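Before any comments, here is the structure.
Values in this document were obtained by computation on a predicted structure and should not be read as measured data. Here is the naming used below: chain letters follow the sequence lines, and residue numbers restart at 1 for every chain.
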There are 2 protein chains.
Amino acid sequence: MTAPVRRGRPRSENADVRILEAAHELLVERGYDRFAMDEVAARAAVAKTTLYRRWPTKDHLLVALVAKIQDEVSVADTGDIRRDLSVYLTAVATGLDRMRRVGRDLTGEEDRSAGVVAELVAAAARHPDVGDVVRNLFARRNALPLALLDRARERGALAPGTSSEVLFDQLAGALYYRLLVTGAPIGADYVEELVGQVLAGTGATRHPERT
Amino acid sequence: MTAPVRRGRPRSENADVRILEAAHELLVERGYDRFAMDEVAARAAVAKTTLYRRWPTKDHLLVALVAKIQDEVSVADTGDIRRDLSVYLTAVATGLDRMRRVGRDLTGEEDRSAGVVAELVAAAARHPDVGDVVRNLFARRNALPLALLDRARERGALAPGTSSEVLFDQLAGALYYRLLVTGAPIGADYVEELVGQVLAGTGATRHPERT
DNA sequence: ATATTTACGCAACGGTAGTAGCGTAAATGG
DNA sequence: CCATTTACGCTACTACCGTTGCGTAAATAT
């Protein structure tokens with residue numbers, strides 16, 4: 001798949017590794033907004049121009065980094081759609097909260113920290129190509145839970161007319177809305193109530209059905 | 001309520017007006033990220049220090065500006081909760097889309113523009129006090145539709161157990177999720193489907209009831 | 001071997017956010 | 001009238017993002 005045999009001096013893979021490691025450290029230490037390209041270059045022992053040869057802006061670098069390190073959220077399919085969704089969304093909420101706190105932990109200073117998710121959203125809005133990466137990221141991330149909903153409908157656990165996509169928007173949207181906009185807490189009880197209320201209209205059985 | 005009779009030279013109200021006007025113009029022309037404080041100062045014929053005496057950062061200024069100019073979205077209560085919600089959410093979606101395009105219109109250049117909403121969300125995550133302003137903004141903005149849902153439940157058009165707040169999260173959340181994260185389009189048809197699916201579980205009558 | 005191509009490091013630069021120091025202007029309090 | 005207090009304008013400064021120019025290093029092509 002990849003033996004392009006390019007002409008000039010090849011990119012230093014070593015530099016790639018060192019840059020991404022330094023960036024990872026720095027993101028965790030400082031958060032998105034206090035993250036400085038100059039310091040990445042210094043820590044990776046690389047000229048700043050080498051950074052910009054690979055990623056045109058700080059946003060591009062950080063989105064690429066997050067895309068690389070984002071942990072997959074596993075999806076269980078026990079046949080009990082209500083339970084499976086609760087478990088999945090709770091895991092997502094935990095992950096989001098951890099992302100939100102990145103850069104806040106080691107500094108006892110004034111809380112000017114990032115909110116990585118919010119910054120990624122802004123970066124996606126600033127640069128169309130970053131937006132593509134972010135949307136792709138979420139598309140891959142959401143594929144499994146969407147498939148879960150589709151299977152549930154096929155087995156008759158959801159009303160046939162309901163759209164999996166809209167259903168997922170209701171669930172994930174509520175979480176992100178609270179995280180990014182209202183700042184309201186997202187506890188296990190909230191997730192439970194949300195899933196219950198979303199599934200109430202779908203004819204989901206309160207107890208699991210087997211295929 | 002306010003005659004504090006302060007000691008020294010008073011703030012120039014004239015400067016306040018000129019600054020906010022200049023900022024408004026500049027935000028519309030350039031969008032959030034290309035908005036430059038230096039240029040605001042120049043256009044308002046004011047020293048840059050005068051800006052920073054009033055708002056500690058660019059984010060603070062722009063959030064204050066948006067809070068000031070945001071247009072109220074009116075809420076009709078015809079007794080048909082399904083219809084009222086559709087109308088309301090469509091108005092919100094239109095407003096959001098207009099906000100998203102701010103700064104893109106007059107430049108034929110490369111599309112690096114802002115997405116005011118995304119930047120506000122990021123600003124709220126960066127500065128706790130800006131977060132307070134933003135949350136307050138949304139709380140006021142959402143008061144009327146929430147009251148609409150409460151009245152609907154009281155008159156029996158919604159199942160008694162359903163939470164207005166969670167219900168609203170499903171609706172607004174789906175919109176903002178599409179706007180900020182997935183970038184999926186938000187048409188009138190989508191709003192219709194969303195409202196239908198959200199209300200399906202609430203026992204909302206398909207035709208209005210009168211009290 | 002030599003030419004070509006691409007990457008690297010280095011240094012300097014322009015643009016923007018935000019800060020600091022200082023002299024001056026406009027208000028209040030005695 | 002005069003001291004005090006706060007606002008204003010001006011200049012200069014630091015920090016960071018992103019760019020440019022140039023000399024050098026490492027690969028391929030002939």
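- Residue pairs meeting the salt bridge (Lys or Arg N to Asp or Glu O under 4.0 Å) criterion with at least one partner in residues 188-197 of chain A, sequence neighbours excluded, are absent.
- Both Gly8(B) and Val46(B) lie near DNA chain D, and the one whose nearest nucleotide falls closer to the 5' end is Gly8(B).
- Between the side chains of Thr182(B) and Arg135(A), no donor-acceptor pair of N or O atoms lies under 3.5 Å.
- Listed by chain and residue number, nothing satisfies the side-chain contact (heavy atoms from CB on, under 4.5 Å) test with Ala188(B) (two or more places apart in sequence, or in another chain).
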Between protein and nucleotides 15-17 of chain D, what N or O pairs are separated by less than 3.5 Å?
{"residue": "dC17(D)", "atom": "OP1", "partner": "Phe35(A)", "partner atom": "O", "Å": "3.0"}
{"residue": "dC17(D)", "atom": "OP1", "partner": "Met37(A)", "partner atom": "N", "Å": "3.4"}
{"residue": "dC17(D)", "atom": "OP2", "partner": "Met37(A)", "partner atom": "N", "Å": "2.8"}

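- One atom, CG of Asn14(B), and another, P of dA7(D), lie 17 Å apart when rounded to the nearest Å.
- Residues passing the side chain to side chain donor-acceptor pair (under 3.5 Å) test with Asn14(A), sequence neighbours excluded: Arg18(A).
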Atom pairs and distances, donor-acceptor, side-chain atoms in residues 21-28 of chain A, under 3.5 Å, two or more places apart:
{"residue": "Glu25(A)", "atom": "OE1", "partner": "Arg43(A)", "partner atom": "NH1", "Å": "3.1"}

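- Applying the side-chain contact (heavy atoms from CB on, under 4.5 Å) test to Ala36(B) and every residue at least two apart in sequence or in another chain returns Glu39(B).
- Rounding to whole angstrom units, CH2 of residue Trp55(A) and C1' of dT19(D) are separated by 18 Å.
- Sorted by first then second residue, the salt bridge (Lys or Arg N to Asp or Glu O under 4.0 Å) pairs that include residues 137-146 of chain A, not counting sequence neighbours, number zero.
- Nucleotide dA17(C) holds its P atom 15 Å from the NE2 atom of His60(B), rounded to whole Å.
- Applying the side-chain contact (heavy atoms from CB on, under 4.5 Å) criterion to Asp38(B), with sequence neighbours excluded, gives Lys48(B).
- In terms of position on DNA chain D, the residue among Asp59(A) and Glu13(B) whose nearest nucleotide sits closer to the 5' end is Glu13(B).
- Axis deviation across the helix from dA1(C)-dT30(D) to dG30(C)-dC1(D) amounts to 0°, comparing end segments of five pairs, rounded to 10 degrees.
- Between Glu119(B) and Arg126(A) there is a salt bridge, since a side-chain N of the basic residue sits under 4.0 Å from a carboxylate O of the acidic one.
- Using a 4.0 Å heavy-atom distance criterion, Arg7(B) is classed as a base contact.
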For residues 142-149 of chain A, dump all side-chain donor-acceptor pairs below 3.5 Å to protein atoms at least two apart in sequence or in another chain.
{"residue": "Asn142(A)", "atom": "ND2", "partner": "Phe138(A)", "partner atom": "O", "Å": "3.2"}
{"residue": "Asn142(A)", "atom": "ND2", "partner": "Tyr177(B)", "partner atom": "OH", "Å": "3.0"}

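- For Arg6(A) and dA29(D), the CZ to P distance is 13 Å, given to the nearest whole Å.
- Among residues two or more places apart in sequence or in another chain, the salt bridge (charged side-chain N to carboxylate O under 4.0 Å, His left out) test is passed with Asp129(A) by none.
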Just the atom pairs and distances: protein N or O near nucleotides 20-25 of chain C's N or O, under 3.5 Å.
{"residue": "dA25(C)", "atom": "N3", "partner": "Arg9(B)", "partner atom": "NH1", "Å": "3.2"}

